[in-house]
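Convention: sequence-line order gives letters A, B, ...; per-chain numbering from 1. FYI, side chains are in, hydrogens and waters are out, and symmetry mates aren't considered; it's all heavy atoms of this structure.
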There are 2 protein chains.
Amino acid sequence: MAVKSEHIPKATIARLATYIQVLSEFKREGTDVVSSERLAEACSVNSSQIRKDLAYFGEFGVRGVGYYVQDLISSIKRSLGIDRAWNCALVGVGNLGRALLRHREFSRKGFVIRGAFDCDPYKIGEVVEGMEIVCSRQLPAKVKELGLEIGVITTPPERAQRAANYLIGAGIKGIINFAPARIAVPKHIHLEYVDFFHYFYAAAFHIRFNEQRD
Amino acid sequence: MAVKSEHIPKATIARLATYIQVLSEFKREGTDVVSSERLAEACSVNSSQIRKDLAYFGEFGVRGVGYYVQDLISSIKRSLGIDRAWNCALVGVGNLGRALLRHREFSRKGFVIRGAFDCDPYKIGEVVEGMEIVCSRQLPAKVKELGLEIGVITTPPERAQRAANYLIGAGIKGIINFAPARIAVPKHIHLEYVDFFHYFYAAAFHIRFNEQRD
DNA sequence: GGAAACCTGTTCAGAATTTCACAAATCACC
DNA sequence: GGTGATTTGTGAAATTCTGAACAGGTTTCC
């Protein structure tokens with residue numbers, strides 16, 4: 001899938017993910033065709049915004065008609081690169097790591113966790129959700145053997161950097177860091193930070209801010 | 001804590017959360033004073049950006065010196081409204097809900113889950129992490145009794161709207177929705193969507209995009 | 001006490017993003 | 001086949017956000 005433009009805003013990528021979610025709902029409800037106006041309302045964004053976001057990747061709609069829901073889902077997925085499966089390595093099998101391993105939705109959405117790694121000797125060998133926990137030192141071998149591309153860090157914060165180093169050394173292409181710590185990676189490795197608390201902070205701020213104005 | 005400006009960018013709020021994380025690391029390392037330049041480097045942002053973000057809320061630094069780490073953490077927390085505890089209600093005790101209930105970090109960061117609700121009769125009465133699961137119908141009573149302010153939705157998508165309705169009817173002030181579904185709420189209720197997959201999608205996109213350019 | 005080195009808070013320019021507005025295309029109906 | 005009602009894709013305008021630059025304080029050191 002060709003990208004028409006050189007640079008694509010981060011916000012656009014985030015919205016595309018939302019569009020998929022809402023479009024999937026439309027599909028479940030049996031809606032075949034949707035206008036940017038209707039999709040916009042469901043996503044709480046401006047309809048031009050939607051058309052412009054899509055325009056970065058191609059022309060997916062039909063003038064005078066709208067977008068065919070199933071086609072648009074496929075087109076967005078192809079645009080985002082999630083029209084195929086991605087093999088993931090999970091490093092750090094604590095509470096959060098286990099929850100992610102058990103979360104069926106991952107493989108359903110095309111992100112298949114194919115390796116679970118930890119450096120705790122008490123955990124190594126344990127089987128979680130049909131997956132054996134392996135020593136982190138085996139990462140290089142496993143990454144090659146299983147074709148792992150995305151590393152998911154769910155270690156405690158103090159071990160996040162080491163986990164990242166293992167992953168990078170093993171030749172992973174991108175890292176999603178759930179640990180509450182900043183990590184350093186070379187420029188060619190894509191890095192995403194995930195922090196629930198951001199959302200809680202934002203909620204707290206806005207609630208208090210609203211109260212203040214009354 | 002006064003807010004100096006009328007409108008504060010969403011991006012600023014997100015960055016403030018990052019600053020707290022990095023500043024806490026500095027504090028653990030024993031650093032007492034930090035310049036915007038050094039903080040900026042650790043957060044991968046521009047130093048003017050940091051000074052500007054902080055300027056929305058007040059003057060927290062000392063010219064010629066920098067910012068006192070502990071003071072700045074406190075100031076940012078006060079600015080965000082997380083200088084006190086927030087009582088949360090969790091609705092939907094599935095896999096994800098249980099993981100959140102077990103996650104110690106929540107109360108440590110000031111978001112205390114004081115009620116766990118579900119509408120499945122098999123789950124009602126069960127005790128998770130010392131908390132008894134209560135029928136969702138009891139939300140109004142419990143919200144008042146316990147002073148719950150933030151609702152956390154971790155139901156399956158098809159039940160998210162109903163959970164939201166219960167919470168809103170019960171007088172909650174803000175909602176954080178982990179369910180992969182859009183929900184409608186009145187304007188005075190603050191709503192945050194949390195979706196891990198956004199990060200995975202973004203990673204997939206950027207990895208593929210980088211490959212394409214080689 | 002003064003000079004030099006620092007570093008914040010703030011202004012302003014320009015970069016980036018969002019919204020508007022409309023030409024171009026499609027469909028339904030007469 | 002033509003007309004009117006729709007709806008997309010896209011320049012241009014409006015808005016928002018970011019980064020460079022610098023005036024205004026602070027500290028250090030002589």
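- At a threshold of 4.5 Å between non-hydrogen side-chain atoms, the residues B:Glu105 and A:Phe196 do not count as touching.
- For the pair A:Gln49 CD and D:dT16 C1', the computed distance is 13 Å after rounding to whole Å.
- Ion pairing between A:Arg28 and B:Glu158 fails under the 4.0 Å rule for side-chain N and carboxylate O.
- If you measure from atom CZ of A:Phe60 to atom P of D:dT8, you get 14 Å, rounded to the nearest angstrom.
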Sequence-aligned protein contact record of nucleotides 21-30 of chain D, with B where the base is within under 4.0 Å of a protein heavy atom and S where only the sugar-phosphate is: B--BBBS---
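- Applying the 4.0 Å criterion to OP1 and OP2 of C:dG9, one finds that B:Tyr67 has a side-chain N or O inside that range.
- Here the C1' atom of nucleotide D:dT6 and the CG atom of A:Leu39 are 17 Å apart, to the nearest Å.
- Within 3.5 Å, no donor on the side chain of A:Lys52 pairs with an acceptor on the base of D:dG9, nor the reverse.
- By the neighbour-count criterion of 12 heavy atoms within 6.0 Å, atom NZ of A:Lys109 is densely surrounded, having more than that number from other residues, nucleotides or ligands.
- Geometrically, B:Arg38 engages B:Phe26 in a cation-pi contact defined by less than 6.0 Å to the ring centre and at most 45° from the axis.
- Using a 4.0 Å cut-off, some side-chain N or O of A:Ser36 falls inside it from OP1 or OP2 of D:dT8.
- Residue-environment remark: CD (A:Glu145) exceeds the threshold of 12 foreign heavy atoms within 6.0 Å.
- A:Val185 pairs with exactly one of A:Ile168, A:Asn177, A:Asn165, A:Leu167 by the side-chain contact (heavy atoms from CB on, under 4.5 Å) rule, that one being A:Ile168.
- The separation between B:Lys10 atom NZ and C:dA16 atom C1' is 19 Å, rounded to whole Å.
- The CD-C1' distance, from A:Glu41 to C:dT19, rounds to 17 Å in whole Å.
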